[in-house]
**Student:** 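Got a structure for you, questions after.
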Amino acid sequence: MYEDIPVIRNHEVFADDFIPAQLNHRDGQIKSLRDDLKPLIDKEQGRHVFIYGPPGTGKTCTSMYVTGELKSESIPSVYINCWETHSRFKVLYKVLEVLGLKLSIHNKGTATHELLEKMKKKLHEKSCVVILDEVDQLDDDKILYDFVTTPNLTLILISNNETVLADADPRIRSRFASADNLEFKQYTTSEIAEILRERAEIGLVPGVIQNSYLEKIAASTSGDARIAINSLRIAAKAADDANTGRITEEHINKALPTAEKEVKKKSIDSLNEHQQIIYKIIKSTSDVKPSDLYSSYKKECEAKQMEPIKDRTIRKYLDKLVQYKLIIASGENKWRTYSIPEF
DNA sequence: CTTCCACCGGAACCGTGGGAAA
DNA sequence: TTTCCCACGGTTCCGGTGGAAG
């Protein structure tokens, strides 16, 4: 009989969507965000917000933290990740769902404009906040116009890219001219270390990890809190599985590269069969020319006895892979080549 | 200078699947 | 049930771009 020596006390603490009770190192942004949304409490129009900054800087977390505070004022907020929910229809559908509108429709058979009308009617009497995470993944910016012309709806747009709105419809841009622009800079190494300490304190059994290990993780994750927290989670899980009762340096060393790969693997897994073939070809041939890519792809399909998709669709897929940052497209027209990013 | 070539990407279109009204 | 409606993913069509070849 083995004695179980747990290391992890609370798994939720290490989940991507965990919101700590006390959010540190983002005081300025939290205050701005609160001010922007404050009018809602007095049944007035809030100020739209545009949040930008590199991954793992607390953009999503901070938004959820502040909008969470509005719950006690019974102001609902709708969080939408535009990676998963990217069509105008689906976004509206989700908003209605959260607003508690009973929808007899499941998915098909209802016109988008009908959903829009329903939403506008509902928001006549009630205000709400809509958070659009990864806005640049929307496949149609009409939805932004829909939102911006809906009274009592305050938008929080989140993106890695500071310039997403630059080529949006001018009517959207003008509405966003008065929006609050909030920049989230990369965390410093010591800030990451402190965030890890906070998580360890509530998520791990006391004393199972040395401070210096937390600092080691912090130092090797270049300001990305999500990767840092995932590293800690993976190391803790390994210690739990090995039943060592504490996290060793070896656990840390193994966890660091795994955490970075995890994100990539997740997106590769979500690709369809054709996209995976294309990805593999690019991976095995550096700087592939489009014509070579098409022919290799067709050959591969023949070998697998599957119907190849058309070139135009391949181009659409390539576009998607570039957005996922799984591949890099360099050069224009004739000189276009595709390759896999370094590291 | 004109034609050709390889590629890009917008727009319209089409078949499919599934809910809803008749 | 049948008929209609509609979102969605993929396809068809095609104009544009810019260097190379004639």
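We name chains A, B, ... by the order of the sequence lines, and we start the count at 1 in each one.
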**Student:** Roughly, in whole Å, what's the span from CG in A:L115 to C1' in C:dC6?
**Tutor:** 11 Å
**Student:** Tell me, please, which residues at least two apart from A:S190 pass side-chain contact (heavy atoms from CB on, under 4.5 Å).
**Tutor:** A:T188
**Student:** Can you list, in residue-number order, the parts of residues 312-322 of chain A that come under 4.0 Å of DNA chain B, counting heavy atoms only?
**Tutor:** A:R312, A:R315
**Student:** Using a 4.5 Å cut-off on heavy atoms from C-beta on, say whether the side chain of A:V205 contacts that of A:V7.
**Tutor:** no
**Student:** Taking only residues two or more places apart in sequence, or in another chain, which ones meet A:R34 in a salt bridge (Lys or Arg N to Asp or Glu O under 4.0 Å)?
**Tutor:**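 A:R34 satisfies salt bridge (Lys or Arg N to Asp or Glu O under 4.0 Å) with A:E69 only.
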**Student:** Distance check needed: C:dC6 C1' versus A:E117 CD, whole Å only.
**Tutor:** 15 Å
**Student:** Using heavy atoms and a sub-4.0 Å distance, could you list which residues of residues 327-340 of chain A are near DNA chain B? By number, please.
**Tutor:**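 Result for residues 327-340 of chain A: A:N333, A:R336, A:Y338, sorted by number.
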**Student:** What bend angle does the helix from B:dC1-C:dG22 to B:dA22-C:dT1 show across its length, from five-pair end axes and to the nearest 10 degrees?
**Tutor:**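 Its terminal axes enclose an angle near 30°.
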**Student:** Salt bridge between A:D311 and A:K298, side-chain N to carboxylate O under 4.0 Å?
**Tutor:**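 Here A:D311 pairs with A:K298 in a salt bridge, since their nearest N and O are under 4.0 Å apart.
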**Student:** Where do A:E194 and A:N24 land on the side-chain hydrogen bond (donor to acceptor under 3.5 Å, both in side chains) test, with the steps shown first?
**Tutor:** CA-CA 9 Å; A:E194 209 169 305; A:N24 296 315; 5.4 Å; no
**Student:** Starting from P on C:dG10, measure out to CG on A:D139 and report it in whole angstrom.
**Tutor:**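 Whole-Å distance recorded here is 13 Å.
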**Student:** Calculate the interatomic distance between A:E114 atom CD and B:dA20 atom C1'; express it in whole Å.
**Tutor:** 10 Å
**Student:** Once salt bridge (Lys or Arg N to Asp or Glu O under 4.0 Å) is applied, do any residues pair with A:D319, and if so which ones, sequence neighbours excluded?
**Tutor:**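 Salt bridge (Lys or Arg N to Asp or Glu O under 4.0 Å) list for A:D319, sorted by chain: empty.
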**Student:** Do other residues, nucleotides or ligands put more than 12 heavy atoms under 6.0 Å from the CZ atom of A:R246?
**Tutor:** no
**Student:** Just wondering, more than 12 heavy atoms not from A:Q45 lying within 6.0 Å of its CD?
**Tutor:**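 Atom CD in A:Q45 is packed in, count exceeds 12.
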**Student:** What is the separation between atom NE2 on A:H86 and atom C1' on C:dA7, rounded to the nearest whole Å?
**Tutor:**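 From A:H86 NE2 to C:dA7 C1': 12 Å.
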**Student:** Not counting sequence neighbours, list each pair that qualifies as a ring pair (Phe, Tyr, Trp, His ring centres under 6.0 Å) and has a residue in residues 117-168 of chain A.
**Tutor:** none
**Student:** For DNA chain B, which residues in residues 271-278 of chain A have a heavy atom at a distance below 4.0 Å?
**Tutor:**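 Under 4.0 Å from DNA chain B: no residue of residues 271-278 of chain A.
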**Student:** To the nearest angstrom, how far is A:K289 atom NZ from C:dG19 atom P?
**Tutor:** 17 Å
**Student:** I'd like to know if the side chain of A:E250 pairs up with that of A:T248 as donor and acceptor (distance under 3.5 Å, no hydrogens or angles considered).
**Tutor:**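 No pair is found: no donor N or O on one side chain lies under 3.5 Å from an acceptor on the other.
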**Student:** Charged N to carboxylate O below 4.0 Å: is that the case for A:K216 and A:E249?
**Tutor:** yes
**Student:** Listed in order of residue number, which residues of residues 291-311 of chain A have a non-hydrogen atom at under 4.0 Å from DNA chain B?
**Tutor:** A:S291, A:Y294
**Student:** Distance from A:I202 atom CD1 to A:E12 atom CD, nearest 0.5 Å?
**Tutor:**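 Answer rounded to 0.5 Å: 10.0 Å.
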**Student:** With distance as the sole test, does A:R47 use its side chain to make a donor-acceptor pair with the main-chain N or O of A:S178 at under 3.5 Å?
**Tutor:**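 Side chain of A:R47 to backbone of A:S178: a pair is present.
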**Student:** Mind calculating the distance between OH (A:Y93) and C1' (B:dG18) to the nearest angstrom?
**Tutor:**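 It works out to 13 Å between those atoms.
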**Student:** Which residues, ordered by chain and number, are linked to A:L40 in its hydrophobic cluster, where ILVMFWY side chains connect at heavy-atom gaps below 4.5 Å, directly or through other members?
**Tutor:** A:I19, A:L23, A:I30, A:L33, A:L37, A:I41, A:V49, A:I51, A:M64, A:Y65, A:V66, A:L70, A:I75, A:Y79, A:V129, A:I131, A:I156, A:I158, A:L182, A:F184
**Student:** If hydrophobic residues (ILVMFWY) are linked whenever their side-chain heavy atoms come closer than 4.5 Å, directly or via other members, who joins A:I340 in its cluster?
**Tutor:** A:W83, A:I268, A:L271, A:I277, A:I278, A:Y279, A:I281, A:I282, A:V288, A:L293, A:Y294, A:Y297, A:M306, A:I309, A:I314, A:Y317, A:L318, A:L321, A:V322, A:Y324, A:L326, A:I327, A:Y338
**Student:** Considering residues at least two apart in sequence or located in another chain, which fulfil the ring pair (Phe, Tyr, Trp, His ring centres under 6.0 Å) criterion with A:H25?
**Tutor:**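 Result, ring pair (Phe, Tyr, Trp, His ring centres under 6.0 Å) vs A:H25: none returned.
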